[in-house]
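The structure appears right after this line, and notes come after that.
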Amino acid sequence: MASVPDEAATDAAIVVDAIRKRYGDRQAVDGVSLQVNRGEFFGLLGPNGAGKTTLVEIMEGLREADSGTVTVLGQSPWPRNVALLPRLGVQTQSSAFFVRQTAREHLRTVAALYGAGREDADRTLDSVGLTEQRDVMVENLSGGQRQRLAIASALVHGPELIFLDEPTAALDPQARRDLWKVLRELKSEGRTIVYTTHHLDEAEALCDRVAILVDGSVVALDSPHHLVTAAGAPTRLLIPAERMTEQDAAAIPGVDRVSVQGGSLVLETAVSGKVLQAVDALTGLDGVQTRTATLEDVYLELTGTNDTNSTDGVNGTDGTNGAENTERQG
């Protein structure tokens, strides 16, 4: 990617310019340039080993790049810039805890280190759904509860810029949606969030823009909507196989491809409305499912793991995209 123009940096929380980092024979980050704007919810996506963690650690000032430059909130994070620390919130998958303290004691201790008050700790504990566990020893919390405590530790001092690494990895569905609400509220307050996740539905629902990394390089950078639109992936209609033959389905105007999967006929089309009308006239829409293109389709295509015959995640009925409708609530 081209270097970020200097004039663009004025509204940027982070400017990364031609960053490279090598470990032995492996090029972990290979000439990455990008900008994260102030107040933006920015996602970093990619398979394991793509360079996400190394890139984030360079942004956080935890690791030195071999070459290139990084500016965070107008300052260089390396060498370790202690002046930046109160302005940053960092949650990692291997967060450290004061395990011999209760959840509330731990968070109050972290708050005190940043000059925040006890009321900040109690409020943050409540925001991540740990009020009922406030008097439980950290060592006795479940994995998901510890994950929430790690997130609270990153948020308790009200940082301007927040780094979250797979924050919902150990959370149950309800806790995951509750955290989405917290993150949306943080963004509405003008905070900047840099977010890594393997949940593509999550990135699509939350992020203003995402960068997809493969082998240390950015292969796509845009809003989820623009990435999905530009991909031009077909809509898939799933029809109970007993409703019609493959030949009849293929004869419907607008159907580009027909296959049989899991007891259903899968019709691929670029004009789903037209095809749905034809299917309705022929058999009705009861039991018909649709799957529109998602960020996951784009991701799988760009990372080289796409299976064009996959119908995983389809749960809509009666001509609706149930997966999309469900995942974008909350």
Side-chain angles (χ1 to χ4, degrees), residues 1 4 8 11-16 32-48 50-57 59-60 72-73 88-93 128 147 151 154-155 159-169 171 173 175-214 217-231 233 292-303 313 321 323-330:
M1 292 180 60
V4 178
D11 294 327
I14 302 171
V15 178
V16 174
V32 170
S33 295
L34 56 83
Q35 173 179 310
V36 179
N37 299 318
R38 293 180 185 269
E40 185 172 32
F41 201 125
F42 190 89
L44 281 173
L45 312 177
N48 292 331
K52 303 185 301 298
T53 298
T54 296
L55 181 59
V56 168
E57 288 178 348
M59 294 178 187
E60 294 168 347
V72 175
L73 299 177
L88 306 182
V90 178
Q91 170 266 328
T92 69
Q93 291 190 58
V128 298
Q147 184 81 338
I151 295 165
L155 304 179
E160 298 172 49
L161 173 58
I162 303 164
F163 293 94
L164 299 175
D165 186 11
E166 295 286 342
T168 63
L171 302 185
R176 185 175 170 227
R177 291 312 177 89
D178 289 343
L179 179 61
W180 286 20
K181 182 180 179 181
V182 172
L183 296 177
R184 286 182 171 126
E185 289 173 352
L186 290 169
K187 184 181 184 305
S188 72
E189 295 169 0
R191 305 188 197 278
T192 306
I193 301 171
V194 176
Y195 197 76
T196 69
T197 183
H198 286 295
H199 293 295
L200 280 302
D201 64 311
E202 190 166 278
E204 189 166 7
L206 295 175
C207 295
D208 298 310
R209 290 189 302 148
V210 298
I212 300 176
L213 276 69
V214 177
S217 298
V218 175
V219 297
L221 198 168
D222 208 333
S223 70
H225 175 75
H226 286 159
L227 288 174
V228 172
T229 301
T292 57
T294 66
L295 183 61
E296 182 174 0
D297 295 309
V298 177
Y299 173 89
L300 294 175
E301 183 69 32
L302 291 172
T303 58
N321 183 2
E324 180 177 340
N325 292 340
T326 299
E327 293 301 342
R328 298 193 183 189
Q329 293 173 357

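Owing to the predicted nature of the structure, the values given are computational and were not obtained by experimental measurement.
Between the CG atom in Leu44 and the CE atom in Met59 there is a gap of 5.5 Å [rounded to 0.5 Å]. The CG atom of Leu227 lies 10.5 Å from the NE2 atom of His225; values are rounded to the nearest 0.5 Å. Here Leu45 contributes atom CG and Thr303 contributes atom OG1; the two are 10.0 Å apart, rounded to the nearest 0.5 Å. Rounding to the nearest 0.5 angstrom, the gap separating the CD atom in Gln35 from the CD1 atom in Ile14 is 10.0 Å. Separation of atoms CD1 (Ile212) and CG (Leu200) is listed at 7.5 Å; rounding is to 0.5 Å. Here the CG atom belonging to Leu179 is positioned 10.0 Å from the CZ atom belonging to Arg176, to the nearest 0.5 angstrom.
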Practice item. Give the intermediate values and the outcome of side-chain contact (heavy atoms from CB on, under 4.5 Å) for residues Val182 and Ile151. Key: CA-CA 10 Å; Val182 172; Ile151 295 165; over 6 Å; no
Exercise for review: Test Arg38 against Asp11 for side-chain contact (heavy atoms from CB on, under 4.5 Å), laying out the working first.
Suggested key: CA-CA 6 Å; Arg38 293 180 185 269; Asp11 294 327; 5.8 Å; no
Exercise for review: For Asn37 and Asp208, run side-chain contact (heavy atoms from CB on, under 4.5 Å): C-alpha distance rounded to whole Å, both residues' side-chain angles, the deciding distance at 0.1 Å, then the answer.
Suggested key: CA-CA 10 Å; Asn37 299 318; Asp208 298 310; over 6 Å; no
Check your understanding: For His198 and Asn48, what are the C-alpha separation, side-chain angles and deciding distance, and is it a side-chain contact (heavy atoms from CB on, under 4.5 Å)?
Key -> CA-CA 9 Å; His198 286 295; Asn48 292 331; 3.1 Å; yes
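Ser188 places a side-chain N or O within 3.5 Å of a backbone atom of Glu185 that can act as its donor or acceptor partner. A donor-acceptor pair under 3.5 Å is absent between the side-chain atoms of Arg209 and the main chain of Leu221, judged by distance alone. With hydrogens and angles ignored, the 3.5 Å screen pairs no side-chain donor or acceptor of Gln91 with any backbone N or O of Gln147. Between the side chain of Glu296 and the backbone N or O of Asp201 there is no donor-acceptor pair closer than 3.5 Å.
Side-chain contact of Glu202 with Thr168: a donor-acceptor pair under 3.5 Å is present, judged by distance alone. Checked by atom type, the side-chain pair Asp165/Thr92 shows no donor-acceptor distance below 3.5 Å.
Across all non-hydrogen atoms, the minimal contact from Ala211 to Phe42 is CB-CZ, 3.8 Å. Here the closest heavy-atom approach between residue Val298 and residue Val228 is recorded as CG2-CA, 3.8 Å. The two atoms that bring Thr294 and Asp297 nearest to each other are N-OD2, 2.8 Å, heavy atoms only. In plain terms, the two heavy atoms of Val210 and Pro224 that are nearest each other are CG1-CG, 4.2 Å. Minimum heavy-atom separation, Ala50 to Leu213: CB-O, 3.4 Å. Of all the heavy atoms in Gly89 and Pro159, the pair that sits closest is N-CB, 3.4 Å.
When the ring pair (Phe, Tyr, Trp, His ring centres under 6.0 Å) test is applied to Phe163, no partner is found at least two apart in sequence or on another chain. Scored by the side-chain contact (heavy atoms from CB on, under 4.5 Å) test, Thr54 finds Lys21, Tyr23, Ala28, Val29, Ile58, Arg63 as partners (sequence neighbours excluded).
Looking at heavy atoms from C-beta onward, Leu164 lies in side-chain contact with Leu183 at the 4.5 angstrom threshold. Annotation: side chain of Leu206 is not in contact with side chain of Thr197 (no heavy-atom distance under 4.5 Å). Side chains of Val56 and Lys52 form no contact here, defined as non-hydrogen atoms less than 4.5 Å apart.
Applying side-chain contact (heavy atoms from CB on, under 4.5 Å) to Ile162 and the options Leu88, Thr192, Val194, Leu186 leaves one that passes, Leu186.
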